[in-house]
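Values reported hereafter were calculated over all heavy atoms of this structure, with side chains retained and with hydrogens, waters and symmetry mates removed. Position 1 is the first residue of the sequence, and the numbers go up from there.
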Amino acid sequence: IDAPNDRCHLSHRCDDKPYDRIKNSNQGPRPIVPSTLFVATSQRVSRLLLSLTFMFGIAWGQSPNKPEGQTEEYRAKYQQLVEQAKKGEPVDFVELIAAASDWELSAKTIVQAPERDEMVAVFKAKNFKKAVELAEAVLVYEYTNRSLHRATAKAYRELKNRERADFHTKIGEQILHALLSTGDGQTAETAYCVQGINEEYVIMNHFGYKVSSQAYVVSTNSSYDVLSGTHEKTGKRVDLYFDISGFFRRCVESHRVKKN
């Protein structure tokens, strides 16, 4: 089992300089360029995939200065939904992802799971018993992290705990289905709302597309990644749009308004 190494989860833009947006509680959202602008990069894919590691940190968009009470409200909402999911109760996973995003964007300090580095180390050492113990603790903070759920499920399988393995596998699939429900990626107006760049590649892989290039698009409404790829079996080419503004809830709600 590979160690869970997904730096691109949630608000991370990895180490890609065009995407670096330092979180500053004294500034508002990053200004959007009035006209559409393409900045294409063709040799980025392998570097992005090699620069993965899980943790919360630099935000995609700069967060407005939020009252501490509002941050606590967002955290409480997120934790409530996490507890429901852990109990196997019905949960709207789009709302869970939005709640996680709201909490992170409203926080004045970096939201980081304790013992994350130790967790990665024990995964690498294949100490599965300790790995699942620490992963369960980290998931309290990163419950919308699909890759970590999948890594945890694999570790549980190594421990012959099928029930817990199946549970985390199911949660991972529910997160993927939630992301897929946010759009169709065919246009900027119907772009997928994602938590981080890793999920762009997860969605491309889900549909069987091998990524060949990536472009950055800024419009009057938001900012986007456009991933181009070819279907590995049919050879069909596709360009899929992903909203990377960092405001997951805003992305989802804007799509709902357009549908209505």
> With sequence neighbours excluded, what pairs up with Phe242 under the ring-ring contact (aromatic ring centres under 6.0 Å, His included) test?
Replying inline: Tyr192
> Got a donor-acceptor contact below 3.5 angstrom from the Tyr74 side chain to the Ala107 backbone?
Replying inline: no
> Which disulfide (SG to SG under 2.5 Å) pairs, counting each pair once, include a residue from residues 73-107, with sequence neighbours left out?
Replying inline: none
> Under 3.5 Å, side chain of His255 to main-chain N/O of Ala191, donor-acceptor pair present?
Replying inline: yes
> Which residue pairs pass the disulfide (SG to SG under 2.5 Å) test when at least one of the two sits in residues 99-141, sequence neighbours left out?
Replying inline: none
> Which residues pass the salt bridge (charged side-chain N to carboxylate O under 4.0 Å, His left out) test with Asp166, sequence neighbours left out?
Replying inline: Arg162
> Of all heavy-atom pairs between Asp239 and Ser228, which one has the smallest distance, and what is that distance?
Replying inline: OD1-OG, 2.5 Å
> Taking all non-hydrogen atoms of both residues, which atom of Arg250 and which atom of Ser245 are closest, and how far apart?
Replying inline: NH2-CB, 3.3 Å
> So, the side chain of Thr152 versus the backbone of Leu148: is there a donor-acceptor pair under 3.5 Å, distance only?
Replying inline: yes
> With sequence neighbours left out, what residues match Glu133 under salt bridge (charged side-chain N to carboxylate O under 4.0 Å, His left out)?
Replying inline: Lys130
>> With side-chain hydrogen bond (donor to acceptor under 3.5 Å, both in side chains) as the test, pick out the partner of Arg146 among Glu199, Glu173, Gln174.
In response: Glu173
> What are the two closest heavy atoms between Phe247 and Leu105, and how far apart are they?
Replying inline: CD2-CD1, 3.6 Å
> For Tyr209, which residues count as a side-chain contact (heavy atoms from CB on, under 4.5 Å) partner, sequence neighbours excluded?
Replying inline: Met204, Phe207, His231, Lys236, Val238
>> Considering only residues two or more places apart or on different chains, which pairs with a residue in residues 160-252 satisfy disulfide (SG to SG under 2.5 Å)?
In response: Cys193-Cys251
> If you take all heavy atoms of Tyr216 and Ile244, which pair is closest and at what distance?
Replying inline: CE1-CD1, 3.6 Å
> For Glu136, what residues pass the salt bridge (charged side-chain N to carboxylate O under 4.0 Å, His left out) criterion, not counting sequence neighbours?
Replying inline: Arg164
> Between Glu142 and Arg116, is there a side-chain N and carboxylate O pair less than 4.0 Å apart?
Replying inline: yes
> With sequence neighbours excluded, what pairs up with Glu115 under the side chain to side chain donor-acceptor pair (under 3.5 Å) test?
Replying inline: none
>> Strictly by side-chain hydrogen bond (donor to acceptor under 3.5 Å, both in side chains), give each pair with a member in residues 85-99 just once, sequence neighbours left out.
In response: Glu95-Arg249
>> For Arg157, give me all partners under salt bridge (charged side-chain N to carboxylate O under 4.0 Å, His left out), at least two apart in sequence or on another chain.
In response: none
> Are the ring centres of His149 and Tyr143 closer than 6.0 Å?
Replying inline: yes
> So, Asn221 versus Ser219: side-chain donor-acceptor pair below 3.5 Å or not?
Replying inline: no
>> Just to verify, what does Thr230 make a side-chain contact (heavy atoms from CB on, under 4.5 Å) with, not counting sequence neighbours?
In response: Arg237
> Do you know which of Val82, Ile171, Ile175 makes side chain to side chain contact (heavy atoms under 4.5 Å, CB included) with Leu96?
Replying inline: Val82
>> Pairing donors with acceptors under 3.5 angstrom, does anything connect the side chains of Tyr78 and Glu104?
In response: no
